[in-house]
Amino acid sequence: METSYVNAPIPAGIDLKSEIRRLCQEKNAIIMAHYYTEGAVQDIADFVGDSLALAQRAAKTDADIIVMCGVHFMGETNKILCPQKKVLIPDLSATCSLAESCPADAFAEFVHAHPDHKVISYVNTSAAVKAVTDVVVTSSNARQIVESFPQDQPLIFGPDRNLGSYLNAITGREMLLWDGACHVHERFSVEKLVALKQQYPEAKVLVHPECRGAIVKLADVVGSTARLLNYAVSSESDTFLVVTESGILHEMQRQAPNKHFIPVPPDDSTCACNECNFMRLITLEKVYNTLRYEQPEVQVPAEITEAALRPIQAMLEISERLGL
Ligand code: 13P
Ligand code: SF4
């Protein structure tokens with residue numbers, strides 16, 4: 001049923017962008033978009049941000065409807081933070097390979113096998129995984145949250161083994177890691193990055209910590225999408241090799257139109273960009289249909305909402321205290 005709403009024909013002759021804005025006003029809806037969505041979707045949004053900023057913004061909104069232009073776990077986080085609001089996602093099949101690499105039952109078993117460990121989960125997880133977590137983190141606050149635990153507190157970190165290894169390296173911890181990964185960040189090519197560094201020796205290398213260690217070693221800056229964006233805009237350098245999903249180039253180019261941003265390609269294709277096929281399911285047409293039919297709606301069972309809210313709120317409180 002939902003598929004028919006998602007792909008319903010768009011009435012001929014309408015101006016999609018102004019119709020979307022009209023529906024937002026009429027329904028008191030807010031459109032939130034992640035930096036990895038296509039440029040046209042970012043341009044129509046009320047708010048564009050990284051995972052942390054999207055959760056912080058959702059927690060504060062007085063809109064009646066949130067349209068989450070991103071992937072499913074982002075919609076779930078919004079629904080958990082705002083259970084009374086209607087949370088829509090333009091395509092329910094926009095999932096996340098990293099979140100899917102961590103099935104809730106198996107993760108709960110792993111947690112129960114280590115009762116003396118506190119559990120830190122990356123925001124890219126299902127609500128059911130968050131429900132067995134002590135604190136959620138994003139790549140904007142992970143280091144500080146890991147460091148907020150006493151040095152001798154044993155920790156579990158899931159699901160991203162690359163981010164987990166990076167955090168272990170920079171904090172000196174030995175967190176037990178779940179063996180998950182993002183299919184987009186895993187496939188950046190070391191060889192192609194090295195070749196681009198030779199071609200642009202003055203360029204700064206911007207890397208997301210979901211990338212493999214061999215890529216992280218070549219970075220000038222490692223951080224969340226917002227951190228990479230802020231660095232690029234404020235840096236004195238004018239050329240950047242961008243090693244994360246290429247949707248971020250849209251905002252980088254918008255904020256720094258005279259700088260040169262070069263996407264680093266994946267190793268298994270001739271394509272220059274590395275795109276998340278799940279994020280790219282979100283189109284302007286689907287944003288219009290989701291507002292028009294108020295479908296598909298993100299639902300989280302009440303008992304999971306209650307258990308998952310605690311670690312999300314813990315993250316928001318620590319982030320606020322640290323000014324993040
Ligand atoms: P951030 O925007 O928090 O850096 O997250 C990246 C990501 O993979 C979102 O799915
Ligand atoms: Fe998930 Fe990777 Fe896509 Fe981010 S880029 S939404 S981690 S699959």
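What's counted below: heavy atoms across the whole structure, side chains too, no hydrogens, waters or symmetry copies. Numbering of ligands and ligand atoms starts at 1, following listing order.
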Here the atoms of ligand 2 under 4.0 Å from any heavy atom belonging to S97 are 8 (S)
Taking NZ, NE, NH1 and NH2 as the nitrogens, is one of them in K130 or E76 under 4.0 Å from a carboxylate oxygen of the other?
no
Check S139, S51, S140 against S224 for a side chain to side chain donor-acceptor pair (under 3.5 Å) and give me the one that passes.
S140
May I ask you to list the atoms of ligand 1 that are less than 4.0 angstrom from any heavy atom of S224?
4 (O)
List the steps and the verdict of side-chain contact (heavy atoms from CB on, under 4.5 Å) for S165 and L177.
CA-CA 8 Å; S165 304; L177 306 182; 3.6 Å; yes
Protein heavy-atom partner closest to atom 4 (O) of ligand 1 - residue, atom, separation in Å
H208 NE2, 2.7 Å
Please write down residue, atom name and distance for the protein heavy atom closest to atom 8 (O) of ligand 1.
E210 OE2, 3.1 Å
Checking contacts here: is it the side chain or the backbone of N124 that comes within 4.0 Å of ligand 1, counting heavy atoms only? Could be both or neither.
side chain
Would you mind checking which non-hydrogen protein atom is closest to atom 3 (Fe) of ligand 2, with the distance to 0.1 Å?
C276 SG, 2.4 Å
In I248, I262, V264, the residue satisfying side-chain contact (heavy atoms from CB on, under 4.5 Å) with V242 is I248
Any idea which protein heavy atom is nearest atom 7 (S) of ligand 2, and the distance to it?
N124 ND2, 3.1 Å
Below 4.0 Å from ligand 1: does a non-hydrogen atom of R227 turn up there or not?
no
Under 3.5 Å donor-acceptor, N274 side chain and P266 backbone
no
Is E245 touching ligand 1 with its side chain, its backbone, both, or neither, if touching means heavy atoms under 4.0 Å apart?
neither
Qualifying residue for side-chain contact (heavy atoms from CB on, under 4.5 Å) with V207, from L241, I215, D220:
I215
Could you tell me, atom by atom, which parts of ligand 2 come under 4.0 Å of a heavy atom of E210?
7 (S)
Of the protein's non-hydrogen atoms, which lies at the shortest distance from atom 2 (Fe) of ligand 2, and what is that distance?
C182 SG, 2.3 Å
Any idea which protein heavy atom is nearest atom 9 (C) of ligand 1, and the distance to it?
H34 NE2, 3.7 Å
Give the residue, atom name and distance (to 0.1 Å) of the protein heavy atom nearest atom 7 (C) of ligand 1.
Y36 CE1, 3.4 Å
Check whether the ring centres of F149 and H117 lie less than 6.0 Å apart, and answer yes or no.
no
of all protein heavy atoms, closest to atom 5 (O) of ligand 1 is S51 OG, 3.3 Å
So the atoms of ligand 2 within less than 4.0 Å of a heavy atom of C96 turn out to be 1 (Fe), 6 (S), 7 (S), 8 (S)
Min heavy-atom dist S139 to ligand 1 below 4.0 Å:
yes
Answer yes or no for H183: is there an N/O/S atom below the 2.8 Å cut-off from atom 1 (Fe) of ligand 2?
no
Among the heavy atoms of Y35, does any lie under 4.0 Å from an atom of ligand 1?
no
